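Working notes for the structure below.
Worth saying up front: this structure is predicted, and the values here are computed from it rather than measured.
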Amino acid sequence: MEQNLEANIHQLEKNRETYDTFAKQVELGQAKVAEARLKAARLGLELEHSKREKEMAKFARDFPSTQTV
(Lines give C-alpha, C1' and ligand atoms only; values in the text may rest on other atoms or scores of the structure.)
Protein backbone atom coordinates (compact mmCIF):
# COMPACT_ATOMS: atom_id res chain seq x y z
CA MET A 1 0.00 0.00 0.00
CA GLU A 2 2.90 2.35 0.73
CA GLN A 3 4.31 1.61 -2.71
CA ASN A 4 1.03 2.55 -4.35
CA LEU A 5 0.87 5.78 -2.38
CA GLU A 6 4.43 6.69 -3.34
CA ALA A 7 3.76 5.85 -6.97
CA ASN A 8 0.61 7.97 -6.92
CA ILE A 9 2.46 10.90 -5.33
CA HIS A 10 5.21 10.62 -7.92
CA GLN A 11 2.67 10.51 -10.74
CA LEU A 12 0.86 13.52 -9.27
CA GLU A 13 4.11 15.51 -9.20
CA LYS A 14 4.81 14.66 -12.83
CA ASN A 15 1.28 15.66 -13.82
CA ARG A 16 1.61 18.98 -11.98
CA GLU A 17 4.89 19.71 -13.78
CA THR A 18 3.29 18.90 -17.11
CA TYR A 19 0.29 21.06 -16.31
CA ASP A 20 2.51 23.99 -15.28
CA THR A 21 4.50 23.69 -18.50
CA PHE A 22 1.35 23.68 -20.63
CA ALA A 23 -0.14 26.55 -18.63
CA LYS A 24 2.96 28.66 -19.33
CA GLN A 25 2.73 27.82 -23.02
CA VAL A 26 -0.92 28.85 -23.07
CA GLU A 27 -0.08 32.16 -21.36
CA LEU A 28 2.65 32.87 -23.89
CA GLY A 29 0.32 31.96 -26.73
CA GLN A 30 -2.39 34.26 -25.40
CA ALA A 31 0.09 37.12 -25.11
CA LYS A 32 1.21 36.57 -28.71
CA VAL A 33 -2.39 36.53 -29.91
CA ALA A 34 -3.13 39.78 -28.06
CA GLU A 35 -0.01 41.36 -29.55
CA ALA A 36 -0.99 40.19 -33.04
CA ARG A 37 -4.50 41.64 -32.61
CA LEU A 38 -3.06 45.00 -31.60
CA LYS A 39 -0.70 44.97 -34.56
CA ALA A 40 -3.54 44.07 -36.92
CA ALA A 41 -5.64 46.90 -35.53
CA ARG A 42 -2.77 49.36 -35.99
CA LEU A 43 -2.19 48.16 -39.54
CA GLY A 44 -5.90 48.50 -40.26
CA LEU A 45 -5.85 52.09 -39.01
CA GLU A 46 -2.76 52.85 -41.07
CA LEU A 47 -4.43 51.39 -44.14
CA GLU A 48 -7.54 53.51 -43.59
CA HIS A 49 -5.35 56.58 -43.12
CA SER A 50 -3.52 55.83 -46.37
CA LYS A 51 -6.82 55.40 -48.20
CA ARG A 52 -8.04 58.77 -46.90
CA GLU A 53 -4.77 60.44 -47.93
CA LYS A 54 -5.14 58.94 -51.40
CA GLU A 55 -8.72 60.21 -51.62
CA MET A 56 -7.66 63.69 -50.52
CA ALA A 57 -4.83 63.77 -53.10
CA LYS A 58 -7.24 62.66 -55.83
CA PHE A 59 -9.75 65.26 -54.75
CA ALA A 60 -7.09 67.97 -54.75
CA ARG A 61 -5.90 66.87 -58.21
CA ASP A 62 -9.40 66.62 -59.71
CA PHE A 63 -10.64 69.93 -58.25
CA PRO A 64 -7.79 72.42 -58.40
CA SER A 65 -7.96 75.61 -56.42
CA THR A 66 -10.01 78.35 -58.04
CA GLN A 67 -8.16 81.17 -56.33
CA THR A 68 -7.22 84.09 -58.52
CA VAL A 69 -3.99 85.94 -58.06
### Residue Glu53 excluded, over 12 heavy atoms near CD under 6.0 Å
yes
### Message
Are there over 12 heavy-atom neighbours, none belonging to Arg52, within less than 6.0 Å of that residue's CZ?
### Response
yes
### CD on Gln11 to CZ on Arg16, rounded to 0.5 Å
12.0 Å
### Message
Rounded to the nearest 0.5 Å, what separates atom NZ in Lys14 from atom CG in Leu12?
### Response
12.5 Å
### Task
Considering only Ile, Leu, Val, Met, Phe, Trp and Tyr, and joining two whenever side-chain heavy atoms are under 4.5 Å apart, list the other residues clustered with Ile9.
Leu5
### Query
Charged N to carboxylate O under 4.0 angstrom, Lys51 versus Glu48?
yes
#### Entry: Worked check of side-chain contact (heavy atoms from CB on, under 4.5 Å) between Gln3 and Glu6
CA-CA 5 Å; Gln3 269 185 325; Glu6 287 179 25; 5.7 Å; no
### Task
Please examine the side chains of Lys58 and Glu55, heavy atoms only from C-beta on, and report whether any two atoms are closer than 4.5 Å.
no
